[in-house]
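Any value given below was found using the heavy atoms of this structure, including those in side chains, with hydrogens, waters and symmetry copies removed. In this text, all values refer to a predicted model and were calculated from it rather than measured experimentally.
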Amino acid sequence: MEPELKNDHAVTSHEATEGYIEVLGARVHNLKNIDVAIPRDKLVVITGLSGSGKSSLAFDTIHAEGQRRYIETFSTYARQFLGGIERPDVDLITGLSPVIAIEQKTISRNPRSTVGTITEIYDLLRLLYARVADAFSYVTGEPMVRYTDKQIVDLILREHDGQDLLVLAPLVRGRKGHYRELFEQLLRQGFLRARVDGKVIDITGRPRLDRYKVHDIELVVDRIKVKEADRKRIGESCATALKYGKGNLMVLDAKTEKGRYLSRHLMCPTSGIAYEEPEPNLFSFNSPYGACPRCSGLGQVTEVALDRIVPDRGKSVKKGAIVPLGTYKNNWIFKQIEAVLIHFGHTVDSPMEDMEDEVLVAILNGLDEPLKVSSAIGLSDRSVQFEGIIPFILEQAEEGPKTAQKWAESFTHMVTCPECAGTRLKKTALWFRIDGRNIHELANMPLNDLHRHMDGLLERMGEKQAIIARDVVKEVTARSEFLLDVGLEYLTLDRSARTLSGGEAQRIRLATQIGSQLTGVLYILDEPSIGLHQRDDQRLIASLRQLRDGGNSVIVVEHDKEMMMSADHVIDIGPGAGVHGGHVVAQGTAKELMGSQSLTAQYLRGERRIEIPSERRRGSGDRLILRGASGNNLKNVDVELPLGTFICVTGVSGSGKSTLIGDTLYPILSKHFHRSEAQPMPFKKIEGLTHIDKVIEVDQSPIGRTPRSNPATYTGLFDHIRELFAQLPSAKIRGYKAGRFSFNTAGGRCETCKGAGVRVIEMNFLPDVSVPCETCRGKRYDRETLEVRFKGRSIADVLATSVEEGLELFSEIPQLRMKLQTLLDVGLGYITLGQSSTTLSGGEAQRIKLATELSKRDTGRTFYILDEPTTGLHFEDVRQLISVLQRLVDQGNTVLVIEHSMDIIKVADHVIDMGPEGGGGGGQIVVRGTPEDIVMMGRGHTARYLEQELR
């Protein structure tokens, strides 16, 4: 039944009060001139089919107008640099507060960005460690000490009374050189003796040290018998020693030759090593003062993979044993390698397996001694230093041109930095401790453990430390609590931001906003429940209510049933998607929504539902078995995947699902079938690869990065359409080929916008703005090309046609009809063929990829992997997606889905539940089997929610 349209003009005069945000006449994208009143200071959910206009209302109308009004408050001078932000196509918006949008797309891809830096908790820890941490020596492990000048004198008098002491100023520690100039300088300043490598020598003879040996040099400032009467002389000698020793001195017993170091700075009393005074930047891996010098604070370094350079040691150098160089050529590099081989008694024809390991080491890492290399005919031999293959590859990887870098990358991989062991910090930063832990140990704790650790930290500190640390500890505890409230207890502060899912990044921003405690703000969130297990839904809803109770309005674009039922107000956009949507079909409280006839209400009431299959597939009988997976938090997991079935991997957030499938299984299969460079996480072995012939990951990443890519180009439809236009009589008369109808090459495209249809105006530090091209009016082609028509439509008209209309238009052309039918089958009948990829949602992009796969010829032995495919999908969209995935499985393929949605879990043939908790408490398979098996065994968090669905 077609739902009735109501509330399209829902704002009546008595509602036009301060209690509402009124949107009048919204026409952005597919919105049909709608009026809507959104209650202020409430939790409001906007729902509807994928592509119905939810985001057009929330982000492209309300948020865009809020942003425009903010920029309008700038001075005229500032606005001239920003340009004019275009007003959304809406008649009027009243009651609008300052708007903050918390979207999924704002994840930093910078390798230096971590959970700790985004939330600023790590910055607070840096401040805490700089002010109250205790320093320890990395040589002896003893606590470091620092003294004032008076304390140094008092200590010498108290502990060395009556002893003959040498007062020394350390000048050189562990460095090579002859130091002739240093001794000359000391003589000019009136000093006569120095202690060199443990022996006191006279420097009047101008000694010259061995420049290739490492030396320790201390200046002898004074020799004195310690007694109270000489306090003044001792004080002066110590002041001189501290001046020359840059704040450090050494006292040496003249008889026993035992010494001890004393310093104004942090110093090890035994070894004499000193640390700089700690500042917050010492603990920052993004600062040269704190970053590990080897990896520059990235925690990883590039290393050459030996098995890629010499994969087959049965070959000779002449036959191409060294892959980066290929087969033998008469050039300079091969002449050098030939000289190395001759030096060790081999030739270029000798198989590599017959050579000693030292020969291979010399070829790869170079030789210290010069080699005689024969030159061209008539020239004498040259003596050269052979550098080796590996240094050359590493040099190209870091400093070479882009083509050379790409070449070098095929022989290298990233490994954990051996110097800092992945901590990213320099050695000294890791020897500052609070309560026995260094800053990296705290950054490596799951947030729930960190919160517990910080909670009782002040009681475990000294009185003075506790006073200094109180405010910082309080702030860290509060911020970590907000992150726990949104279900992120399994994350660690050193987790790289680019490994976060869209939902995780969004919930981090949500926690930051709750922590900022602003009031009177309008927050707009885009599906914050993504990636969240049902167990954590209520915690997220509580966080959103906390935001609302702080005096803010919260609008959530969401499909989650729990979220809708918990909202103060729900707006349902529909009734269909694309051109069939854009109306307000129902709005009110959750109870009022349930009473309407909208598609959403029918699913909420249970009149429509995603049916549970009458029987579960047993599969082909073959298995894909992964053994010993131990990446991240996985605890040596063995997993069996029955082929020819619909498999669902589920579990609470952070339980290890993505590590097991996305970071271990997919890279293994991709490497095996497609020679991908992706490196899988650690595992022992994999069995059953012969039962499948390819792997395809269908994710929600965009189908293209630029406005030039669209559904027609991605699916291959456009090639057939261009061929069709080239066959038309009007095109043949003009001599047009298929290339004439491409907007990416010169010939038929509009040359003003180069076929883009839009011109991009740079907005300096705001996002660039696109305006329609003034020559072609957004049509992309020149006038002559547009004169060629098929059934009265030009090539530009065809690109503006929806899939549904296209199916009618091309019904007599089998190739086009088949591709268009699959797009319609996955629920994308409303999108236009030329719709820019940048305007497609993640769910739409994923279904375009699925449709492309469905339209290909199939062997029935493909392994499909999908990570949370229900993101952005309404109940009806999920039903269509499931029917598409079931079609793939019916053809004999295997579909593996990582998902929390009960609608997917209940229709799967085989469920693997990871857990039992997230982070360190997860990484195991809790239970596996059919959905009925999961419920019957009753283990894990998924079972109780699945039981409600199966009832």
Side-chain angles (χ1 to χ4, degrees), residues 114-117 119-147 247-248 261-287 289-295 297 299 416-477 479-480 492-495 920:
T114 64
V115 171
T117 58
T119 57
E120 295 176 6
I121 293 176
Y122 191 74
D123 300 334
L124 292 165
L125 290 179
R126 291 196 293 118
L127 179 63
L128 183 68
Y129 270 78
R131 297 294 173 257
V132 299
D134 298 315
F136 293 84
S137 165
Y138 61 75
V139 176
T140 63
E142 299 171 70
M144 303 286 268
V145 289
R146 66 157 76 81
Y147 301 103
N248 305 319
Y261 290 93
L262 301 166
S263 176
R264 291 174 182 157
H265 310 305
L266 288 166
M267 176 173 255
C268 171
T270 305
S271 65
I273 58 158
Y275 296 167
E276 295 168 25
E277 212 53 40
E279 287 298 326
N281 61 10
L282 173 66
F283 305 98
S284 169
F285 44 77
N286 293 328
S287 160
Y289 295 102
C292 163
R294 173 84 187 270
C295 64
T416 302
C417 172
E419 191 159 318
C420 68
T423 63
R424 299 170 166 231
L425 295 168
K426 62 163 68 166
K427 185 161 48 175
T428 51
L430 299 170
W431 285 87
F432 284 84
R433 298 206 171 111
I434 297 174
D435 195 27
R437 295 177 190 269
N438 65 36
I439 194 166
H440 175 70
E441 287 171 310
L442 294 196
N444 209 20
M445 282 182 179
L447 284 168
N448 51 358
D449 292 347
L450 176 69
H451 183 73
R452 274 196 299 273
H453 176 75
M454 298 304 287
D455 219 11
L457 186 61
L458 292 174
E459 286 83 57
R460 300 192 295 274
M461 282 182 172
E463 190 181 343
K464 185 184 167 190
Q465 281 182 314
I467 293 167
I468 299 167
R470 185 172 289 114
D471 289 344
V472 181
V473 170
K474 183 181 168 187
E475 187 66 20
V476 171
T477 309
R479 290 199 187 201
S480 57
T492 60
L493 294 182
D494 66 352
R495 168 91 173 259

Please find the pair of heavy atoms, one from [X] and one from [Y], that lie closest to each other, and give the distance.
X    : Y    : answer
F136 : Y275 : O-OH, 2.7 Å
K427 : W431 : O-CD1, 3.2 Å
E441 : G436 : OE1-O, 4.0 Å
C417 : R294 : SG-CG, 3.7 Å
L425 : C420 : O-CB, 3.5 Å
L458 : A466 : CD2-O, 3.8 Å

Interatomic distance, [X] atom [atom1] to [Y] atom [atom2] [nearest 0.5 angstrom]:
X    : Y    : atom1 : atom2 : answer
L457 : I434 : CG    : CD1   : 6.5 Å
L124 : M454 : CG    : CE    : 8.5 Å
L450 : L493 : CG    : CG    : 5.5 Å
S480 : N448 : OG    : CG    : 10.0 Å
Y147 : Y261 : OH    : OH    : 14.5 Å
I439 : S284 : CD1   : OG    : 9.0 Å

* Asked: Are T492 and D494 close enough that a side-chain donor and a side-chain acceptor fall under 3.5 Å?
  -> yes
* All salt bridge (Lys or Arg N to Asp or Glu O under 4.0 Å) counterparts of R479, not counting sequence neighbours -> E120, E475
* Between T416 and A421, is there a donor-acceptor pair closer than 3.5 Å when you use the side chain of the first and the backbone of the second? ->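 The answer is no, because no donor-acceptor pair under 3.5 Å joins these two groups.
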* K426 (side chain) donor-acceptor with Y289 (main chain) under 3.5 angstrom -> yes
Any side-chain heavy atom of [X] sitting closer than 4.5 Å to one from [Y]?
X    : Y    : value
L282 : T428 : yes
E279 : R131 : yes
I468 : M461 : no
P278 : L266 : yes
T423 : C292 : no

* In chain order, what residues pass the side-chain hydrogen bond (donor to acceptor under 3.5 Å, both in side chains) check against Q465, with sequence neighbours excluded? ->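 For Q465, no residue satisfies side-chain hydrogen bond (donor to acceptor under 3.5 Å, both in side chains) once neighbours in sequence are set aside.
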* Quick one: list whatever passes side-chain contact (heavy atoms from CB on, under 4.5 Å) with R424, sequence neighbours left out. =>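 Testing R424 for side-chain contact (heavy atoms from CB on, under 4.5 Å), a comparison that skips the adjacent residues, returns T114, F285.
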* Are E142 and C268 close enough, and set up right, to give a side-chain contact (heavy atoms from CB on, under 4.5 Å), and what steps lead you there? -> CA-CA 7 Å; E142 299 171 70; C268 171; 4.0 Å; yes
* Asked: Going through the distances and angles, do D449 and R452 end up as a salt bridge (Lys or Arg N to Asp or Glu O under 4.0 Å)?
  -> CA-CA 5 Å; D449 292 347; R452 274 196 299 273; 2.4 Å; yes
* Which class fits the ring pair F283 and F432: parallel under 30°, tilted 30 to 60°, perpendicular over 60°? ->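 Answer is perpendicular, since the angle exceeds 60°.
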